[in-house]
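Here the structure is a predicted model, which is why all the values come from computation and not from measurement. Residue numbers start at 1 and run along the sequence shown.
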Amino acid sequence: MERKTERQIILIAAALAGTCGVCYLLGLAGTVYPDFSILSVFLAVGIYVLLRRIPRNQSKRHYVYASLTGFFFSLTLILGYQLDRYGMTDVGIKGKALILFHSACLSIAVFPFGDMLFRAIDRIPPHLEEKGSFWRSGAVFGVSFALIFLMWIPVWMAYYPIVMSYDFHRQVNEAYRGWIWFNSYQPLIHTWLIWLFLQIGGWFGSNEIGMGLFTLFQMLLVSSAMAYACTAIYRIGKRKWMVLSTVLFYGLFPFCSVSMMIGTKDAIFSGLFLTFIVLLTERSFFCGKRKWILEIPMVVTAVLMMMFRYNALYAMAGFGVLSLFFQKGRERIRIFLLCVVMVAGGQAAKEGIQHGLGTEIRGSSVEKYSVLIQQFARVGYYHGEDMDPEIYRLVDKYVSAESWERHMPALADASRSGVDFVRVWEPDMGQVLKDWLQVGLEYPNEYIDAFLCLTEGFWFVDDRTYCEMQGWGVDGGRHGAIFTGNSSASDTYEGIQHISKFPWLEERLEDIVSNNSFYYWPVISVLFKPAVYIWSFVLILVGLIYQRKPRQAYLCLFPLVYLVTMLLGPTVQFRYVVPFMITVPMLAVLLFFSADGSQSHKDS
């Protein structure tokens with residue numbers, strides 16, 4: 001009886017603490033209630049009931065994983081809402097301690113949901129048995145490819161010939177002027193593809209036809225990669241519903257289909273990213289001793305992937321180094337050497353196409369210092385009038401005082417305009433880092449907040465900066481969640497006209513991607529937030545570790561390292577998350593994969 005009473009007291013205290021955490025969060029979100037209202041009593045009772053219903057026979061491992069997951073999720077909510085409301089997080093040691101305290105309280109209310117998540121993982125059977133007749137792999141690939149591609153055709157017609165946004169206008173102008181004008185700031189292979197399809201369009205006497213064919217080419221590549229992933233999902237999961245739901249997600253989800261119409265490198269890169277993960281999965285579990293058969297297409301895919309996004313090269317290098325720690329025996333050396341080949345191939349291909357095209361224009365690598373730039377700029381923005389003269393000199397040296405007024409917390413491009421990278425940063429990066437550390441020791445909170453503001457969209461599920469930072473709405477330049485503003489204006493050629501073949505569908509889609517109408521769709525709206533896909537990836541990785549599946553968890557290592565490179569980027573845009581969005585279904589099915597990796601079946 002005493003033990004039962006003691007448990008009731010602990011549950012009541014926990015429910016009250018959880019209520020305090022939820023009320024604090026709602027206060028940050030701008031909600032008056034239920035802090036000093038009868039509603040707080042109902043909230044406390046609800047949390048108490050949820051806590052009481054948690055089974056008591058769970059393992060210690062289960063409770064640890066559910067608790068830590070709930071705490072870190074709660075921490076992101078507290079940090080995110082503080083940034084949204086105050087523009088900064090609580091300052092000083094006391095402020096950071098309070099953030100941890102409020103996060104711990106909130107995590108008590110979140111814990112029942114973490115418990116349900118890991119209980120669901122516990123219920124996944126160690127081996128999935130085949131049910132009903134089995135589809136042939138070739139049929140799964142062919143049907144998946146056809147369905148995805150055909151579902152995208154109306155969207156292609158709506159945005160015909162191509163969505164000319166982001167850096168497309170820059171590249172198409174270079175492509176029109178000729179190879180020698182290509183700037184390596186954007187991947188040269190991608191600019192060359194734009195040039196190639198402009199030439200094809202010239203044969204037909206229409207730039208629009210050329211760009212329309214380029215969009216179709218991109219759609220073919222990515223839908224093939226998705227069909228390959230669907231085939232692997234069926235091979236591993238042995239469930240038809242897994243394939244059907246994945247195909248429908250790829251084909252009908254607006255952010256997926258519209259992203260494939262954009263004329264930047266992101267669509268093709270995302271397809272290569274997904275293909276590499278599927279090839280790595282096939283090599284790890286389905287090749288036996290003949291792994292070299294898939295290592296050749298892996299190298300080719302990786303080299304192409306690194307040509308389309310330069311940060312993929314750094315991610316591949318990090319993946320190779322970490323493989324030495326997370327693989328065993330000869331396999332770790334083999335993977336490491338394979339990564340060396342891929343990185344060397346990617347760098348050689350990058351230099352090779354530069355020389356092959358005959359262009360000498362090399363783009364600045366300033367973007368990889370976006371976090372440092374934002375940290376300098378934030379210090380200047382908030383403390384420009386009261387800084388020590390020496391600190392002022394250092395900040396002004398690396399980010400000019402004139403650019404502080406243009407500082408945008410979620411976008412490094414505004415601050416970057418005041419950076420003399422070639423003459424000040426590049427000659428002595430050692431000195432830059434030394435001065436950066438000196439300023440950071442003086443203003444640590446500004447450094448922390450600068451990084452959090454710049455990456456908020458990747459980890460805060462209620463973030464809106466990714467779809468509002470440059471305005472939004474059809475009449476506001478079509479920025480919104482996905483920038484679809486069409487522009488290829490040039491003084492040197494007639495440009496490319498946007499000629500929608502399906503205006504009704506374009507209006508419906510623009511209401512979603514530009515007007516952000518998904519704000520008002522309960523529950524479903526979470527699918528339109530980049531942080532949801534990053535969190536899904538992280539939870540899959542944690543789930544695999546929880547299941548003690550190191551070989552399956554290893555497949556998440558490359559995306560994890562790539563995610564780190566994304567955190568050092570200039571901003572959060574949904575197009576950066578597309579590789580994770582389309583890869584999450586492939587990684588999620590690994591939770592259903594037997595621990596020994598022996599699960600497979602033969603084509604009927």
Side-chain angles (χ1 to χ4, degrees), residues 141 145 187 189-190 218 220-233 235-236 246 250 259-260 265-287 291-323 326-327 331 334-350 533 537 540-541 544 551-566 575-590 593:
F141 178 87
F145 167 75
I189 188 173
H190 186 256
Q218 166 167 293
L220 284 169
L221 286 180
V222 183
S223 56
S224 297
M226 291 175 170
Y228 183 30
C230 289
T231 306
I233 288 171
R235 188 176 186 183
I236 294 171
T246 304
Y250 285 157
S259 295
M260 298 306 122
K265 69 258 186 186
D266 302 282
I268 296 177
F269 171 79
S270 299
L272 293 168
F273 186 95
L274 175 60
T275 301
F276 180 79
I277 298 301
V278 181
L279 286 169
L280 186 61
T281 303
E282 295 264 21
R283 180 197 176 278
S284 299
F285 294 107
F286 298 111
C287 280
K291 294 182 178 181
W292 63 269
I293 294 176
L294 281 178
E295 287 175 350
I296 295 173
M298 272 181 63
V299 170
V300 173
T301 302
V303 169
L304 288 172
M305 183 170 59
M306 287 181 274
M307 291 177 72
F308 275 90
R309 265 208 176 277
Y310 299 145
N311 58 326
L313 188 144
Y314 301 112
M316 190 63 68
F319 174 61
V321 172
L322 291 175
S323 294
F326 292 100
Q327 285 287 7
E331 182 68 2
R334 183 166 181 164
I335 289 286
F336 176 76
L337 293 177
L338 190 63
C339 288
V340 169
V341 172
M342 290 188 285
V343 169
Q347 186 63 29
K350 177 184 171 183
Y533 297 99
F537 163 71
I540 290 168
L541 175 57
L544 291 171
R551 293 180 65 195
Q552 287 85 337
Y554 172 76
L555 300 176
C556 297
L557 186 58
F558 174 74
L560 182 64
V561 181
Y562 182 76
L563 175 59
V564 172
T565 69
M566 288 169 57
R575 65 189 180 114
Y576 299 152
V577 184
V578 171
F580 286 88
M581 178 181 69
I582 67 175
T583 303
V584 158
M586 173 65 218
L587 295 175
V589 79
L590 297 175
F593 203 11

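- Side-chain contact check for R551 versus F285: some heavy-atom pair is nearer than 4.5 Å.
- The two atoms that bring A553 and L541 nearest to each other are O-CD1, 3.8 Å, heavy atoms only.
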In residues 221-230, what donor-acceptor pairs under 3.5 Å come from side-chain atoms, sequence neighbours left out?
| residue | atom | partner | partner atom | Å |
| --- | --- | --- | --- | --- |
| S223 | OG | M219 | O | 2.6 |
| S223 | OG | L220 | O | 3.2 |
| S224 | OG | L220 | O | 2.7 |

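- Taken to the nearest 0.5 Å, the CG atom of N311 stands 8.5 Å off from the CE atom of M566.
- Between Y310 and P187, the shortest heavy-atom distance links the atoms OH-CA, 3.4 Å.
- Within the structure, salt bridge (Lys or Arg N to Asp or Glu O under 4.0 Å) pairs that include any residue of residues 295-312 comprise D266-R309, R283-E295, E295-R334 (at least two apart or interchain).
- At least one side-chain heavy atom of V300 sits under 4.5 Å from a side-chain heavy atom of L304.
- Residues F537 and L560 form a side-chain contact, since some pair of their non-hydrogen atoms from C-beta on lies under 4.5 Å apart.
- A distance of 6.0 Å or more separates the ring centres of F276 and F308.
- Looking only at side-chain heavy atoms (C-beta outward), E282 and R235 come within less than 4.5 Å of each other.
- Closest approach of Y533 to V584, counting heavy atoms only: O-CG2, 3.8 Å.
- Considering CE of M586 and CD1 of I277, their distance stands at 8.5 Å, rounded to 0.5 Å.
- The CD1 atom of I233 sits 4.0 Å away from atom OG1 of T246, with the distance rounded to the nearest 0.5 Å.
- With rounding to the nearest 0.5 Å, the separation of CG in L563 from SG in C556 is 11.5 Å.
- Taken to the nearest 0.5 Å, the CG atom of L313 stands 12.0 Å off from the OH atom of Y562.
- For the pair L294 and L279, the tightest heavy-atom approach, listed with the atom from each and the gap, is CD2-CD2, 3.7 Å.
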Between I236 and T281, does a side chain to side chain contact (heavy atoms under 4.5 Å, CB included) hold up when you go through it step by step?
CA-CA 10 Å; I236 294 171; T281 303; 4.0 Å; yes
Let me check something: any side-chain donor-acceptor pairs from residues 316-323 under 3.5 Å, sequence neighbours excluded? List them with distances.
| residue | atom | partner | partner atom | Å |
| --- | --- | --- | --- | --- |
| S323 | OG | F319 | O | 2.7 |
| S323 | OG | Y554 | OH | 2.7 |

Given V578 and F273, is the side chain to side chain contact (heavy atoms under 4.5 Å, CB included) satisfied, shown in steps?
CA-CA 10 Å; V578 171; F273 186 95; over 6 Å; no
Decide yes or no on side chain to side chain contact (heavy atoms under 4.5 Å, CB included) for M306 and M342, but give the supporting numbers first.
CA-CA 9 Å; M306 287 181 274; M342 290 188 285; 4.0 Å; yes
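- For the pair P559 and F580, the tightest heavy-atom approach, listed with the atom from each and the gap, is O-CZ, 3.3 Å.
- For Y250 (side chain) and I582 (main-chain N/O), a donor-acceptor pair under 3.5 Å exists by modelled atom type.
- One finds the CG atom of L555 at 5.5 Å from the CG atom of L590 (value rounded to the nearest 0.5 Å).
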